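Every chain is numbered from 1, with letters handed out A, B, ... down the list of sequences. Just so we're clear, the structure is a prediction, and the values are computed from it rather than from any experiment.
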2 protein chains.
Amino acid sequence: MIQAHAVRLFGRRGYDGTTVNDVAAAAGVSPMTVYRHFPTKEDLVLADQNGPLVAERIAATPAGQPLVRRIGTALVESARTLTAGDDRFLLARLRLMISTPALRARHLDNHHLLQQAIVDGLGDEATDPDAAFRATAAASACLAVMHTALVRWAQDDGRTDLADLITTALAAAFGDDPR
Amino acid sequence: MIQAHAVRLFGRRGYDGTTVNDVAAAAGVSPMTVYRHFPTKEDLVLADQNGPLVAERIAATPAGQPLVRRIGTALVESARTLTAGDDRFLLARLRLMISTPALRARHLDNHHLLQQAIVDGLGDEATDPDAAFRATAAASACLAVMHTALVRWAQDDGRTDLADLITTALAAAFGDDPR
DNA sequence: CCCCACTTGGTAGTCACTATCGCTGCGGTA
DNA sequence: TACCGCAGCGATAGTGACTACCAAGTGGGG
């Protein structure tokens with residue numbers, strides 16, 4: 001509820017042009033309550049937590065393929081799922097995240113949570129620290145590529161298909177030959 | 001000068017535990033002067049600008065190889081150069097950047113500057129928007145992998161060789177076969 | 001009816017950062 | 001030497017995010 005008011009105001013008056021007090025007033029609560037539910041102003045946009053979703057998609061991919069292909073597939077499928085429903089709220093949040101430097105930075109940093117989720121999704125395949133390191137490297141590469149596609153997608157104002165953009169970007173980074 | 005005092009204090013008392021006033025007092029200037037030279041507290045650690053260095057290394061690699069290999073080579077060489085000299089100041093800054101969430105986030109976001117530098121380093125090879133997009137995707141993937149190596153390196157407290165770590169991580173993400 | 005946990009609100013403070021102003025040293029000019 | 005323009009520094013007073021600390025309401029179970 002608070003988050004909905006926040007994203008609406010951020011979209012209308014800009015992130016920096018909107019104070020937490022404004023959000024609180026719009027939501028009809030005190031600023032204290034906002035901070036109780038969202039530890040920082042940035043979390044009003046960034047509250048994500050779809051790590052488990054990606055992790056289970058990873059676990060569902062066949063173990064024979066190279067890591068980046070498995071992770072890439074999971075990310076493309078997730079993007080397709082997320083953009084399938086006409087979720088204006090999600091789109092508004094993504095646009096804010098990409099266009100606001102502070103939010104973009106924190107979103108990039110949050111990738112390490114997704115990386116951990118991905119490594120966890122691999123289960124027994126990445127137990128020793130060295131394998132985990134290699135899996136983390138692959139995951140970070142895939143997520144960075146996805147972020148690049150996200151930026152491009154936001155620049156195109158969501159007119160192009162996000163999943164296709166991610167596929168293209170993954171192919172450019174990792175090669176499109178079936179290795 | 002101011003930056004040296006800042007990094008020293010941040011290392012000793014922590015980034016959040018040190019105020020800009022503390023830095024100013026240690027450097028013998030007023031807080032105003034600090035903000036005149038460094039627009040934000042974060043810039044006291046993050047003032048980087050080695051984009052041109054990477055760009056010219058990219059331009060120096062043979063155009064026949066795949067993008068990620070050329071970029072990866074440039075990054076490994078840059079890391080080798082940077083860690084060759086026993087630059088305690090650089091090491092302290094890197095450690096701060098990796099271990100402080102706010103700094104790590106901004107450092108990750110700054111990658112888009114390096115990405116632009118890399119694409120620029122490609123010159124004629126990435127003129128049309130589509131080629132630039134593919135190059136950006138490849139660059140972002142390589143930089144993310146490098147960042148993963150950097151995190152691991154900081155965890156090992158700089159005992160392992162950074163260039164070797166980056167090489168290993170690149171191989172894990174992109175495959176070590178000569179394509 | 002009371003007690004308890006839980007949620008909310010108020011107050012006052014810290015700190016990053018900004019806007020605006022006045023001061024001071026310093027080289028060039030007459 | 002006296003003057004002028006200018007660039008860098010400092011002080012003051014703000015704004016806004018965020019954090020204690022404490023008070024008050026509210027609902028459910030004894």
Side-chain angles (χ1 to χ4, degrees), chain A residues 1-49 92-110 112-113, chain B residues 1-49 92-110 112-113:
Chain A
M1 208 62 216
I2 293 176
Q3 200 181 20
H5 286 284
V7 171
R8 187 173 47 79
L9 288 181
F10 292 161
R12 194 178 305 274
R13 314 211 288 248
Y15 180 77
D16 291 328
T18 309
T19 72
V20 175
N21 279 16
D22 294 339
V23 174
V29 296
S30 92
M32 288 298 312
T33 305
V34 176
Y35 282 115
R36 243 179 271 275
H37 291 302
F38 302 89
T40 72
K41 181 183 180 183
E42 294 162 355
D43 287 300
L44 283 166
V45 180
L46 292 170
D48 241 12
Q49 317 303 2
R93 280 180 48 221
L94 280 177
R95 225 167 296 140
L96 276 172
M97 271 173 16
I98 298 300
S99 58
T100 308
L103 296 176
R104 189 179 54 225
R106 276 232 16 212
H107 176 246
L108 277 168
D109 190 49
N110 281 356
H112 79 263
L113 298 175
Chain B
M1 206 63 213
I2 293 177
Q3 199 181 19
H5 286 285
V7 172
R8 186 173 47 80
L9 287 182
F10 291 161
R12 194 178 306 272
R13 314 211 289 249
Y15 179 76
D16 291 330
T18 309
T19 70
V20 175
N21 278 16
D22 294 340
V23 174
V29 295
S30 92
M32 287 299 312
T33 306
V34 176
Y35 283 114
R36 242 180 272 275
H37 291 302
F38 302 90
T40 73
K41 182 183 180 184
E42 295 162 355
D43 287 300
L44 283 166
V45 180
L46 292 169
D48 243 11
Q49 316 302 2
R93 280 179 48 219
L94 280 178
R95 225 167 295 138
L96 276 172
M97 270 174 15
I98 298 299
S99 58
T100 308
L103 296 176
R104 189 179 55 225
R106 273 228 21 206
H107 176 246
L108 277 168
D109 190 49
N110 282 356
H112 79 263
L113 299 175

Check your understanding: Quick one: which of D:dA17, D:dT19, C:dA16 gets closest to the side chain of B:V20?
Key -> C:dA16
Check your understanding: Given C:dT8, is OP1 or OP2 found less than 4.0 Å from the side-chain N or O atoms of A:H37?
Key -> yes
Review point. What is the distance from CG of A:L103 to P of D:dA17, rounded to the nearest Å?
Key: 13 Å
Exercise for review: Measure the shortest side-chain to side-chain distance between A:T40 and A:L46 over non-hydrogen atoms and say whether it is less than 4.5 angstrom.
Suggested key: no
Check your understanding: What is the distance, rounded to the nearest whole Å, between atom CG of A:L44 and atom C1' of D:dA17?
Key -> 12 Å
Exercise for review: Kindly say whether B:E42 contributes a backbone atom to a donor-acceptor pair with the side chain of B:Y15 at under 3.5 angstrom?
Suggested key: yes
Check your understanding: Choosing from C:dA16, C:dG10, D:dG16, which nucleotide comes nearest the side chain of A:M32?
Key -> C:dG10
Point to revise | Pairwise 5' ranking along DNA chain C for A:P31 and B:T40, keeping only the more 5' one | key: A:P31
Point to revise | Between D:dA17 (C1') and A:L46 (CG): distance, integer Å | key: 16 Å
Point to revise | Distance-only polar pair, side chains of A:H5 and A:R8, donor-acceptor under 3.5 Å | key: yes
Review point. Tell me, do B:T100 and B:F10 make a side-chain contact under 4.5 Å, heavy atoms counted?
Key: no
Practice item. For the side chain of B:K41, starting at C-beta, report the closest nucleotide among D:dC9, C:dC17, C:dA19. Key: C:dC17
Review point. Of all the nucleotides listed (D:dT19, C:dC17, C:dA19), which has the minimum atom distance to the side chain of A:Y35?
Key: D:dT19
Revision key, fill the gap. note: A:F38, atom CZ; D:dA17, atom P; distance rounded to Å ~ 15 Å
Review point. Taking the nucleotide of DNA chain D with the closest heavy atom to each, which residue, A:N21 or B:R36, is nearer the 5' end?
Key: B:R36
Review point. Can you tell me how far C1' of C:dT7 sits from CE of A:M1, to the nearest Å?
Key: 18 Å
